[in-house]
Amino acid sequence: MGSELPLCTYVCIDLKSFYASVECVDRGLDPFSINLVVADPSRGKGALCLAISPAMKALGVRNRCRLFEIPAHMRYITAMPRMQHYIDVSAEIYGIYLQMIAPEDIYVYSIDECFINVAPYLHLYKRNGRLPHGYCPQKNGNLCYCRNRH
C-alpha cells in the first residue's frame, strides 16, 4: 500500500451567537440571561436581526428573524451592528488559539467558526481524542454536540 495519511482529530469551534455575545460582554451582561438583538432599528420593523442572544433563542425566537417577528411582549436590548469590532474580537480569539496551536493546524471557516487539528497535541495532555462514553456537552448549553465514531 502507498503512504498513509496522518491521523487527524478535529475540534470544531462555533462561538455561540457571536455578534450578540460580543455585544453583551461589552456591556458587562450575561448573554445567557439577557435578551439582546443585533439589528439596525433605523431600517424599521422589517430590519433583519443579524444575531440574537442565547437567552432569546431559549425563549423560541429564531436567529436571523426580522424585528417585527419578535413577540411584542418581549423586552430586549437592541445593539447596532459593529462589523469591524466583531472582526477585531474574532482576531483576538484567534490569537488565543495561536498561544496553544500552530497556525497550520487551525482552519478558519468563518468569523466565529474554525476547525482545529488537535492530533499533534493529544500526547501533551495525555488524551486520546475521544470523549468519555455518554458525555454530551450539549447538556450544559455552551458546547456543541459531539458523537464518537468507532
Phe18 and Ile93, any side-chain heavy atoms less than 4.5 Å apart
yes
Hey, are Lys16 and Ser21 close enough side-chain-wise for a donor-acceptor pair under 3.5 Å?
no
So do Cys65 and Ile70 actually touch side chain to side chain, heavy atoms under 4.5 Å?
yes
Would the number of heavy atoms belonging to other residues, nucleotides or ligands and lying under 6.0 Å from OH of Tyr107 be above 12?
yes
Listed partners of Arg62 passing salt bridge (charged side-chain N to carboxylate O under 4.0 Å, His left out), at least two apart
Glu69
Residue pair Ser17 / Ser53, side-chain heavy-atom distance below 4.5 Å
no
Would you kindly confirm whether Tyr94 and Ile87 end up in one hydrophobic cluster when ILVMFWY residues are joined by side chain heavy atoms under 4.5 Å apart?
yes
Looking at CG of Asp14 and OG of Ser110, how far apart are the two atoms once the value is rounded to the nearest 0.5 Å?
7.0 Å
Check salt bridge (charged side-chain N to carboxylate O under 4.0 Å, His left out) between Asp30 and all other residues, then give those that pass, not counting sequence neighbours.
none
Pro103 side chain reached by Leu98 side chain, heavy atoms, under 4.5 Å
yes
Under the rule for side-chain contact (heavy atoms from CB on, under 4.5 Å), what residues qualify as partners of Ala119, not counting sequence neighbours?
Thr9, Asn117
Once ring-ring contact (aromatic ring centres under 6.0 Å, His included) is applied, what residue pairs with a partner in residues 42-90 remain, sequence neighbours excluded?
Tyr19-Tyr86
Taking all non-hydrogen atoms of both residues, which atom of Ala102 and which atom of Tyr121 are closest, and how far apart?
N-OH, 2.9 Å
Check whether Ile101 and Tyr10 end up in the same hydrophobic cluster, where Ile, Leu, Val, Met, Phe, Trp and Tyr are linked by side-chain heavy atoms less than 4.5 Å apart.
no
Check whether Val38 and Met83 end up in the same hydrophobic cluster, where Ile, Leu, Val, Met, Phe, Trp and Tyr are linked by side-chain heavy atoms less than 4.5 Å apart.
yes
Heavy atoms of Asn63 and Ile52 approach each other most closely as OD1-N, 3.2 Å
Qualifying salt bridge (Lys or Arg N to Asp or Glu O under 4.0 Å) pairs with a residue from residues 72-88, counting only residues at least two apart or across chains:
Glu23-Arg82, Asp26-Arg82
Indicate yes or no: at least one non-hydrogen side-chain atom of Tyr97 is less than 4.5 angstrom from one of Ile13.
yes
Consider only side-chain heavy atoms of I, L, V, M, F, W and Y, link residues closer than 4.5 Å, and tell whether Val89 and Val108 are in one cluster.
yes
Are the side chains of Cys114 and Tyr109 in touch, meaning some heavy atoms are under 4.5 Å apart?
no
The criterion is side-chain contact (heavy atoms from CB on, under 4.5 Å); which residues satisfy it with Val25, sequence neighbours excluded?
none
Excluding sequence neighbours, so at least two apart, what forms side-chain contact (heavy atoms from CB on, under 4.5 Å) with Leu59?
Asn35, Met74
From OG1 (Thr78) to CG (Leu67), nearest 0.5 Å:
6.5 Å
I need the full list of salt bridge (Lys or Arg N to Asp or Glu O under 4.0 Å) pairs touching residues 36-46, with sequence neighbours left out, sorted by first then second residue.
Asp40-Arg43
Quick check: is Val22 connected to Ile34 through a chain of hydrophobic side chains (ILVMFWY, heavy atoms under 4.5 Å apart)?
yes
Using side-chain contact (heavy atoms from CB on, under 4.5 Å) as the criterion, list what pairs up with Met100, not counting sequence neighbours.
Ile96
Tell me, which pairs form a salt bridge (Lys or Arg N to Asp or Glu O under 4.0 Å) where one or both residues lie in residues 102-120, sequence neighbours left out?
none
For Ile111, is there any backbone N or O sitting under 3.5 Å from a side-chain donor or acceptor partner on Ser90?
yes
Looking at every heavy atom in both Arg66 and Cys49, which two are closest together, and how far apart are they?
C-SG, 4.1 Å
